[in-house]
Number of protein chains: 2
Amino acid sequence: MADKVAGRRGRRLQGQGAEAQGNEPGLTRERIAATAVGMLDANGLNGLTMRGLAEALGSGVMSLYWHVQNKEDVFDLALDSVLEYRGPTALQDWRGDIVHVLEDWRATMLRHPWSASLLPRRALGPNILVRLERLSKCLSAGGVSDTDVNAAIWSLWNYVMGATVTRAGFGPSDEDRAASQQRLAELGALYPSIEHSRLLLDDDWDGTFRRGLDFLLDGIAPKR
Amino acid sequence: MADKVAGRRGRRLQGQGAEAQGNEPGLTRERIAATAVGMLDANGLNGLTMRGLAEALGSGVMSLYWHVQNKEDVFDLALDSVLEYRGPTALQDWRGDIVHVLEDWRATMLRHPWSASLLPRRALGPNILVRLERLSKCLSAGGVSDTDVNAAIWSLWNYVMGATVTRAGFGPSDEDRAASQQRLAELGALYPSIEHSRLLLDDDWDGTFRRGLDFLLDGIAPKR
DNA sequence: GGCAAGACTCGTACAGTGTACGAATTTATT
DNA sequence: AATAAATTCGTACACTGTACGAGTCTTGCC
């Protein structure tokens, strides 16, 4: 009952006899994925509906289902298409490389905030494995022992994941910040340490991400 | 257009004249929350429907809406009711205390896997703030400087968050593991480092969590 | 040419969702 | 007893994902 691989084809070439508008060149998984990403970017996770997607593609709703198993499949498609990693630099400074990989990762996901809430519950797509592989290489190059490397990778993964999901959840809107501020003002007395450190008011997300990452890398770096 | 605080009352006391069965003692936010948690535990995030909830409570669907703003509100209720923290021990060993807080946190959320996917996108409820406050105190007690404490708290938060969300996402089912194994077998050649370290096959989640946490705490601990 | 076998599109229909609205009922207050 | 407030809930609506099967188009084979 698991997975039956539905038929899917790539096929081009159709006579544009009647309509000169080449705007709707036939459905493909790629086109579906791209359009889905657009809609998700624009309207968030709930902004994607099969009907809407079909309309944006200029097709009937049920036509999608020939290319796609179900809505979940569309999510998978969109997610993976967003997570491509173009690793530019060659290996040199292991620590700097890791920072780069993770910051790029975070930035990519924050550019499409829905991806953060989507990623956890999906299996690891190829584009994620590429990133993990790269991490693994960097760590080994940095002298992290074989016994530590797995825990290190997962801890880095967890860190990026948590940071991104949290950041995406709080959204760029000031509404949440206002809410936090409000809540803090009300209950501040109950949480003196939090209030003292202004934990919830700080909004230097990038800096905090970077500094926490340094903590983690300090701990991972082989002790001397 | 933001928030109108709906009326909500706590009220007890009704004559049980007609029906002796005290099984349905009237709706309250608490009862709604408890029942919602039960349904979420049993059937996951999609297992909670307003109709189902009403039925389980022995009430009409729309009656819920007098106590609750909307379904989101039910989620908030359920989440917060699950995250209560009964901090047992007094402060002593800062590092051990932190480990305890975080492991308890993770365990609590994994006991209700839906909570992991829910938490990120909600505002911080009081029960979470309690935990953060506690973290903050431990860190200060451990000698972490005021300038570092925020970054440290967030990094710990991120770490627990990521670990829990990931773990909950992969579910306890072996189906996912089988899928990963399959994928790895297929593409193993492309990801030699990952395959070598058996990253995806290791299933000692608790141990890995603990070891990664040690990395992080090593990095956070004040340098000497 | 004819024609059959796929590949692909899509209209209709159905069961299910959250919740707006307003009427009915119960409880509290005067 | 009368009035107001609190609480319940039936009905209705717009919207969701997708099963089903009838259509159309493209291609290869005789």
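The sequence lines fix the lettering, A, B, ..., with proteins before strands; numbering per chain opens at 1.
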Distance, rounded to the nearest Å, where B/Met62 contributes CE and D/dA6 contributes C1': 16 Å
Checking the side chain of B/Asn127 only, and the main-chain atoms of B/Asp80 only, is there a donor and an acceptor separated by less than 3.5 Å? yes
Are A/Asp73 and A/Arg29 close enough for a salt bridge, meaning some N to O gap below 4.0 Å? yes
For the pair made of CG in B/Leu27 and C1' in D/dA6, what is the distance, rounded to whole Å? 13 Å
Taken to the nearest 0.5 Å, the spacing of A/Arg167 CZ from A/Asp203 CG works out to 8.0 Å
Going by heavy atoms in the side chains, are A/Tyr85 and A/Ile128 under 4.5 Å from each other? no
Take the protein atom CD of A/Gln69 and the nucleotide atom P of D/dG17, then report the distance between them rounded to whole Å. 16 Å
For a quick check, tell me whether the side chain of B/Arg51 and the base of C/dG16 share a donor-acceptor pair closer than 3.5 Å. no
Is it possible for you to check whether A/Arg106 lies under 6.0 Å from the centre of the six-membered ring of A/Phe209, through NZ or CZ, and within 45° of that ring's axis? yes
Would one find a side-chain N or O of A/His67 under 4.0 angstrom from OP1 or OP2 of C/dA7? no
Distance (rounded to the nearest 0.5 Å) between A/Leu64 CG and A/Arg51 CZ: 11.5 Å
Rounded to whole Å, how long is the line connecting atom CG of A/Asp73 with atom P of D/dT18? 10 Å
Between B/Tyr65 (OH) and C/dG22 (P), how many Å, whole number? 17 Å
Just the rounded figure in Å: distance from C1' of C/dG11 to CG of A/Leu64. 14 Å
Stretch residues 38-50 of chain B: residues that reach within less than 4.0 Å of DNA chain C through a heavy atom: B/Leu48, B/Thr49, B/Met50
Report the distance from atom CH2 of A/Trp66 to atom C1' of C/dG6, rounded to the nearest whole Å. 9 Å
Atom-pair distance (CZ on B/Phe75; C1' on C/dT17), nearest Å: 12 Å
Looking only at side-chain N and O atoms, does B/Ser63 come under 4.0 Å of OP1 or OP2 in D/dC9? yes
Under 3.5 Å: donor-acceptor pair, side chain of A/Arg131, backbone of A/Leu83: yes
